Amino acid sequence: MNRRRCLFGLCLFGLTLLASCGGSGEKAPPAPPPAAVSKAPGEAAFLPAYEKRAPVNGGTFTRPIPVEPVTLNPVVASDQVSFLVYKWIFDPLIDMDEKMEPTGVLARSWEVSPDGRNLTFHLREDVSWHDGKPFTAEDVLFTYRACMDPTVDAVNKRPTFAEVQSVQAPDPHTVVVTWKVPYAPGLAAWNLHILPRHLYDYPPGKGAAFNQNPLNARPVGTGPFRFVEWRRGEAVVLEANPAYFRGRPHLDRLVFRILPQAETQLAAYRTGTLDMTTLSSEQWEEVRKDRAFLEGSSVFEYPARQFFYIGWNLDGSVPFLGDRKVRKALALALNRKGVVDRILGGHGTLLSGPFYPGGWEYNPAVAPLPYDPAEAARLLDEAGWKDTDGDGLRDRGGKPCAFECLVPAEAEMFSRWLEVFQQDLRKVGVDMRVRKLEWGVFLDRTHRHRFEACLSGWSLGDDPDPFQLLHSSQGKLLPSGVGAGQNDGAYSNPEVDRLIEEQQRTFDREARRRALWRIHEIVAEDQPHAYLFASTQMAAVRNRFQNVKASRAGYGLFTWYPSLLEWWVPRELQ
Amino acid sequence: MAAYALRRLLLMGPTFLLITAVVFAAVKLAPGNPFSAARTAGEGAVRQMNPADYQDLLHRYGLDRPWYVQYGRWLATLASGSLGISYSQRRPVSQVLFGEAFPGGGFLSSPLGATLLLNLLATLLMLAVALPIGFSAALKPGGAADRLASGFLYALYSLPNFWVAVLLILVVGVHFRILPFIGMRSEAFASLGFWERAVDVLRHAALPALCLAYGGMAYVARFTRRALLESLGSDFVRAARARGLPEGRVLWGHAARNALLPMITLLGLLLPGLVSGSVIVESLFAWPGMGQLFMKAVYSRDYPVILAESVLGAVVVLGSTLLADLLYGAADPRVRLE
Amino acid sequence: MAPTLSLLRRVLSFPKRRTRPSGLRFPAVFLGLLAAVSLLAPLLANNKPLAVDLDGHLRFPAFRDLLPFRLFLRPDGAALALERDPRWFGPSGEGRRRARWLLLPPLPYSPYETSLERIHEPPGRDHPLGCDDVGRDVAARLVHGTKVTLLTGVLSMALALLVGVSLGALGGFAGGAVDRLLVSPAIEVMLCFPTFFFILTVTAVTDPRYLNLWSVILVIGLTSWAPLARFARAEFLRLKSAPYVEAARALGAGPFRQALRHILPNASGPLVVNAAFGAAGAVLSEAALSFLGVGIQPPEPSWGNVMSLVVRHWNDWWLGLFPGAALFLTVMAYNRLGEALEGRLGAGAPGPEEAGRRR
């Protein structure tokens, strides 16, 4: 019995070998791999034949999304995926362009009053909704009021307008925003997508009607694409809006396919079901040798507006974390560059503060901490943490130098980094225990400041204001037990507080830059977080799409204006 | 028998309450609520929601009341015939589960329809392969089919389903490109005729159904084999043979019929599996079914959806157990249902 | 005590009822091998030497990791040095230079040591089964992960048996209101209970990393007892009116004695068989839990979590093949065990729930 069955079983496994051979490229004669294949940010991808030609209309673009959108109502939706879909159906007043400068979409122009408290938008007059009715300032007012209505589930839109005193529409094509005090980050808040009042209006005080409006599943906006259908669990389909004020987008259709498993993305791209795929560094290593893959795709590499950090809890519950020297030592002991080089394949940038490397707000004089375990050991000795009981761990006064780091379980890559960091810290005599928590639980613990250290990512917004992350008011615990803001480690430095408030009050770019650079310096000294790195992302798009470009400011392929609206497919390739 | 059925139905009530209460308590034990992730979600470093607003939000949805109060309110909603409103999708849960037009063409595109379809196909596949094998294994103990049943099928059972899924995707989907492996329908579905649509769905369902079916084949085959063997060894079969009946009639007229009884039990146990979607298989193949919905609902703490799915599961399990018992009683007059 | 002895006697000594060979040999040998490997794991795969003459002293560092010693022995100098540098006894390590001679285990790697240089290394001379995505040796992880597989199979079924048989016996034996109002509803609740919540809740509440193996066992055990309870109940119901039980009752035996001494030994056949098949299912469940990320957490090794890596890194075929082969053989062994017991102890249908169980 055994022999035959075991043999059979082993044959079954042999299929994996076959499969793995089949997965990567053909057995072509060895040729040198194409050099410098990926496009840098700002570089547009063209097939040589079409670079000088004029764009034509037509073509369908299919892209994957990891989960289903929650709702296609911009005021109610709070998740990234819904945004990726509804941003093509609706327009905001202003949006960020490829270089992170605000550019007018529904607003033709705008100006700030000399005292810095009034912002006036002059709206375009040639815009109409998908159902034909004209767009006016009334719609802007309506959308704003819906955000501020307590019975509407505008869960995270409301705080962006916290400093607003009033919003008025003196005439159908002008909107005036008045702030209580001059507030520079307030401009960026108006990338709010506008809803039509005549379709979404609801009885005053009955926000539930707005939240559950059936139009949330078949929205009507002013955007470049119109809604076609939403096959739940499968895909959302949009088609070009021929009456768009900028002229119709060249592409005919956008299809968002729902694909929960990231690994199947690449496989689906290869078999033609998808027109784009993101590439992890390992996948990139695999496909760069695949000639057929490269000949059909444009590959892009761009830094994302996101960085990863280990947040320390500074509220006193972990004694040694309260010492700045210790925090610096811990950061020095982590081999961040090693992780970037080996695990991320070099696709990452070390950073020294919570700002976008390469942005105007980032202080280039503040260098990221090097990997220096010897210096780390020295600093720990100096801080009084030595191994007195011979168990390999430092301690002081009977307490071991040990802590627990929380990490969301769904982010597998975090766990891999932590495994390396765990060993790094062990080498200097510090014990880090890793605790994986389900996402909802992780958020709950960090919001309640019930953690010692946590590994997390931070998405940088359109405005570099670090208020949420660094201001002491955002680190206080409320009576209900949750934190007032996102300063989960309760970092508090009066000088930083003052500088943050200062840069919020002025619209002068130079003054803001000086304040932000000083904040950067102080934070690099204080180390409230161990800043790990900013990731670069890679994506492949079928090269039949022309004029595809990644933003220079980290907005990737889609999140800037106009991005996809300028893509086109030559007639022969449609 | 009618009295028995009625009594069972009445007893189902408290059982059902107990099931839903336990599920609800377990769900509430996990920290977090539908809006905790939304507090800091969104594009960019969005400012945290004002705590007063957040409390107000919780209050509006009744999430700040003690768990038994929330449970009571949910029961009241259920009693009035509604499954509630989904927190994350903000539309009625009945629409979430059953689709917008129910019954009708829309049902196929609902999570329940998608899962039922996939599981039905998987069960049919499993039975189609395993029943004949089990049957012939019983007829020829020690023969080829018997060895197949205990060897090959057990080997299949020992492979974890995510592993087999990846293998199938790589070999069948990517390398040979025979079958699609993403989703339930292709983009061109709307423009296809009726039969072409059916073929499209079947092609998409082939790989996931195979992943779901292979594991149970071993048991079904052995179960059938044992049932038939016992039946073949029983007295009435020997009597039939002694009477000189041809083997065919002995087999089909007598032995197989008796083997049906345990098969009813088997079916009764397979039924509940039909509505529960496999989380792993559905997410690997992007099949828009109940498993995916369930995972999403748990992660976003969408209590009405979670509870509705448990209700559905409970109803199906209780119903199918009752059905199996009743059928058994009807099929075998010797069984007295007291 | 007595029921166990009688069970053992029946298993080991009796004449075979079937025409097919009993097949108890393969499972016994294989599972015994697994038990040996899991107990001796620190001697098979370790970056500490089995014996070394360090600075003139003879030491046996690897032996200090064996289970009974590990609990009360403090780490010695060699162990401390290895914490700082896992390759201390490696070809270029300081330890090797200072040692006059040393004897390394067959796999001179710890299952925990990561290495950025060895990421995704395919099987080769240095690492016979390759390395995983953070550079840990796969063979070492499989060796140390054996205990997870064994314990998951055995202990979760033991727990399920304990709970299931107690409840089922209670219901079947006592009958009446206790059965109708307590036991049967409990069994039916359990059958519909969505296991994922339970897992989620347990993950949220458990603390130190060591609890993870036990939380997996607890979860699987506490969600698998319902079919066993159903069987136990049916058997007890059937056997409580058996003549020998009535005889015992007439002689004055109380309910416990009747249940334990008389009914249980005769009911145990189908239960043990089911438990054997259930152990196979438990092992597969652990792999599924690891895939979903809620099983044994790295850096603790388990076959399931090595195998689940292949889903994320399709080209690393060795991550899927070797643990898969090991899992395959283990599940086969448990199934063979179940079949062999079935042959010796009499009929007991295998759980058709497995046919419908959705992971």
Side-chain angles (χ1 to χ4, degrees), chain A residues 4-5 8-9 12 15-16 18-19 22-23 62 67-68 70-71 76 78-80 83 150-151 153 155-156 158-160 162 211-212 216-217 231-234 255 257-261 264 267-268 270-271 273 439-441 443-444 447 458-462 468-469 474 478 480 482 484-486, chain B residues 30-32 35-51 53-57 60 85 88-91 99 109-111 114 151-152 155 158-159 166-167 169-171 173-177 180-185 187 283-286 288-289 292-293 296 299-301:
Chain A
R4 194 184 303 182
R5 248 153 276 187
F8 166 72
L12 206 60
L15 279 175
T16 33
L18 181 70
T62 307
V67 288
E68 184 152 46
V70 169
T71 173
V76 174
S78 53
D79 64 318
Q80 175 73 356
F83 168 74
T151 58
D153 290 345
V155 287
N156 54 350
R158 218 170 297 151
T160 56
N211 298 333
Q212 293 164 26
N216 293 345
R231 299 197 303 269
R232 294 267 172 186
E234 291 185 83
V255 177
R257 285 215 85 148
I258 296 165
L259 221 65
Q261 288 287 347
T264 36
R270 281 193 151 122
T271 54
T273 318
W439 178 238
V441 179
L443 282 180
D444 191 77
H447 286 167
W458 180 259
S459 287
L460 292 162
D462 291 341
Q468 300 88 300
L469 192 60
Q474 302 298 296
L478 299 172
S480 60
V482 287
Q486 298 192 52
Chain B
F35 303 109
S36 46
R39 288 175 74 204
T40 52
E43 177 66 1
V46 179
R47 202 178 209 174
Q48 180 105 340
M49 192 176 15
N50 180 344
D53 281 342
Y54 181 61
Q55 282 304 120
D56 179 62
L57 185 66
R60 257 193 306 126
I85 311 264
S88 51
Q89 293 191 34
R90 290 180 181 86
R91 48 187 199 133
S109 31
S110 72
F152 177 59
S158 327
L159 305 170
V166 170
L167 197 63
I169 291 177
L170 276 179
V171 175
V174 177
H175 196 228
F176 290 113
R177 310 221 177 162
F181 52 91
I182 306 278
M184 192 164 80
R185 305 177 266 205
E187 268 321 298
S283 92
L284 277 173
F285 290 98
Q292 262 201 59
L293 187 67
K296 262 192 326 193
Y299 279 127
S300 52
R301 304 287 192 278

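Quantities reported herein were computed from a predicted structural model and do not represent experimental measurements. Lettering follows sequence order; numbering is per chain, from 1.
- The candidate with the highest count of non-hydrogen atom pairs below 4.5 Å against chain B, out of A:V67, A:I258, A:T264, A:L469, is A:T264.
- Heavy atoms of B:L284 lying under 4.5 Å from chain A belong to its backbone as well as its side chain.
- Note that CD of A:E68 and CD of B:Q89 are 5.5 Å apart. Values are rounded to the nearest 0.5 Å.
- Separating the CG atom in A:N216 from the CZ atom in B:R90 is a distance of 8.5 Å, to the nearest 0.5 Å.
- Only the side chain of B:F181 comes within contact range of chain A, judged by heavy atoms closer than 4.5 Å.
- Between atom CZ of residue A:R257 and atom CD1 of residue B:I182 there is a gap of 7.0 Å, rounded to the nearest 0.5 Å.
- Heavy atoms closer than 4.5 Å to chain A are found nowhere in B:L293, neither backbone nor side chain.
- Using a distance-only test at 3.5 Å, with no hydrogens or angles considered, no donor-acceptor pair links the side chain of A:R232 to the main chain of B:P288.
- Judged by distance alone, with hydrogens and angles left aside, the side-chain atoms of B:R91 form no donor-acceptor pair with the main-chain N or O of A:Q212 at under 3.5 Å.
- In this structure, the portions of A:V70 lying under 4.5 Å from any heavy atom of chain B include both its backbone and its side chain.
- For B:Q292, the part lying under 4.5 angstrom from a heavy atom of chain A is the side chain only.
- Interatomic distance, B:H175 NE2 to A:R270 CZ, rounded to the nearest 0.5 Å: 11.0 Å.
- Both the backbone and the side chain of A:N211 have a heavy atom closer than 4.5 Å to some heavy atom of chain B.
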